[in-house]
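Numbers here are sequence positions counted from 1.
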Amino acid sequence: MIALVKRFATALFFLTMLAFIGGSFIKNDVITHSTKPLLIPLLMLLVFVSIRSSRNKNIILTALFFSFAGDVLLLFESTMPGLFIPALLCFLLTHILYILYFLSTRPKRISLLTTAPYVGLLVAAYGIFLLYLLFPHLGDLKIPVSIYAVIILFMLLSTIHIYKRV
């Protein structure tokens with residue numbers, strides 16, 4: 001039964017993804033707005049049936065839920081402008097949960113950040129340069145964008161940390 005659900009959900013996910021990409025390509029809002037909210041729940045279903053029960057599975061499912069919530073909030077943001085910040089908070093929580101997932105993953109090899117520490121310095125330099133470029137244009141969003149950038153950089157570092165380890 002699980003194999004059937006996995007096969008069906010995989011096919012449905014890829015068909016929905018192709019429809020979303022096609023709708024974006026031809027600039028059809030009806031297609032993109034109707035398929036985008038389906039992508040993450042289908043991915044959640046795939047994670048649910050594909051990964052054994054574990055703390056890590058729950059972290060990924062929760063992260064995907066917040067990603068879904070952010071996507072849905074952004075769909076309505078054009079008619080309800082107050083939804084942008086809540087959507088951003090949903091995505092911020094998603095990234096924090098991904099960091100927790102990546103850092104809780106059991107290693108099979110030594111971390112890339114240990115063998116090539118300059119990579120971490122490059123990521124930090126990139127983050128500082130990006131904020132340097134953005135800062136003059138951010139106005140009241142300087143602090144939220146800085147926090148968001150730091151979280152994104154930590155997520156990047158955590159993925160580099162587990163690169164070749166899983």
Quick one: do Ile60 and Tyr98 satisfy side-chain contact (heavy atoms from CB on, under 4.5 Å)? Show the steps, please.
-> CA-CA 7 Å; Ile60 290 295; Tyr98 284 146; 4.0 Å; yes

Any chance you could measure [X], atom [atom1], to [Y], atom [atom2], to the nearest 0.5 Å?
| X | Y | atom1 | atom2 | result |
| --- | --- | --- | --- | --- |
| Phe66 | Asp71 | CZ | CG | 13.5 Å |
| Ile59 | Phe102 | CD1 | CZ | 11.0 Å |
| Leu156 | Ile160 | CG | CD1 | 4.0 Å |
| Thr32 | Asp29 | OG1 | CG | 4.5 Å |
| Thr94 | Tyr101 | OG1 | OH | 15.0 Å |
| Ile128 | Leu133 | CD1 | CG | 12.5 Å |

Taking a hydrophobic cluster as the set of Ile, Leu, Val, Met, Phe, Trp and Tyr residues connected by side-chain heavy atoms closer than 4.5 Å, whether directly or through intermediates, do Phe135 and Phe129 fall within one such cluster?
->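 The answer is no; the residues belong to distinct hydrophobic clusters.
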
Shared ILVMFWY cluster between Leu121 and Ile152, side chains joined below 4.5 angstrom?
->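 No, Leu121 does not connect to Ile152 through the hydrophobic network.
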
Does some side-chain heavy atom of Thr159 sit less than 4.5 Å from a side-chain heavy atom of Tyr163?
->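 Tyr163 vs Thr159: side chains apart.
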
Within-4.5 Å side-chain heavy-atom neighbours: Ile99 and Leu103 =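 In short, these two side chains touch, coming nearer than 4.5 Å.
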
Tell me, which pairs form a side-chain hydrogen bond (donor to acceptor under 3.5 Å, both in side chains) where one or both residues lie in residues 54-67, sequence neighbours left out?
->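 Pairs touching residues 54-67 that pass the test: Asn56-Ser104.
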
Pairs touching residues 135-153 that satisfy side-chain hydrogen bond (donor to acceptor under 3.5 Å, both in side chains), sequence neighbours left out =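 Sorted pair list: His95-Tyr148.
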
Under 3.5 Å, side-chain donor or acceptor atoms of residues 40-51 against the rest of the protein: list the pairs with distances, not counting sequence neighbours.
from, atom 1, to, atom 2, distance (Å)
Ser50, OG, Leu46, O, 2.6

Taking distance alone, no hydrogens or angles, what donor-acceptor pairs closer than 3.5 Å link side-chain atoms of residues 8-28 to residues at least two apart or in another chain?
from, atom 1, to, atom 2, distance (Å)
Thr10, OG1, Lys6, O, 2.7
Thr16, OG1, Leu12, O, 2.7
Ser24, OG, Phe20, O, 3.0
Asn28, OD1, Val30, N, 3.0
Asn28, OD1, Ile31, N, 3.1

Between Phe68 and Leu39, does a side-chain contact (heavy atoms from CB on, under 4.5 Å) hold up when you go through it step by step?
-> CA-CA 8 Å; Phe68 168 71; Leu39 289 169; over 6 Å; no

Write down the atom of Ala87, the atom of Gly70, and the distance for their closest heavy-atom approach.
->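 Result for this residue pair: CB-O, 3.7 Å.
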
Mind checking side chain to side chain contact (heavy atoms under 4.5 Å, CB included) for Ser34 and listing every partner two or more places apart, or none if nothing turns up?
->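 Listed in chain order: nothing, the list is empty.
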
Which atom pairs, one a donor and one an acceptor, fall under 3.5 Å between side chains of residues 72-83 and the rest of the protein, sequence neighbours left out?
from, atom 1, to, atom 2, distance (Å)
Thr79, OG1, Phe76, O, 3.1

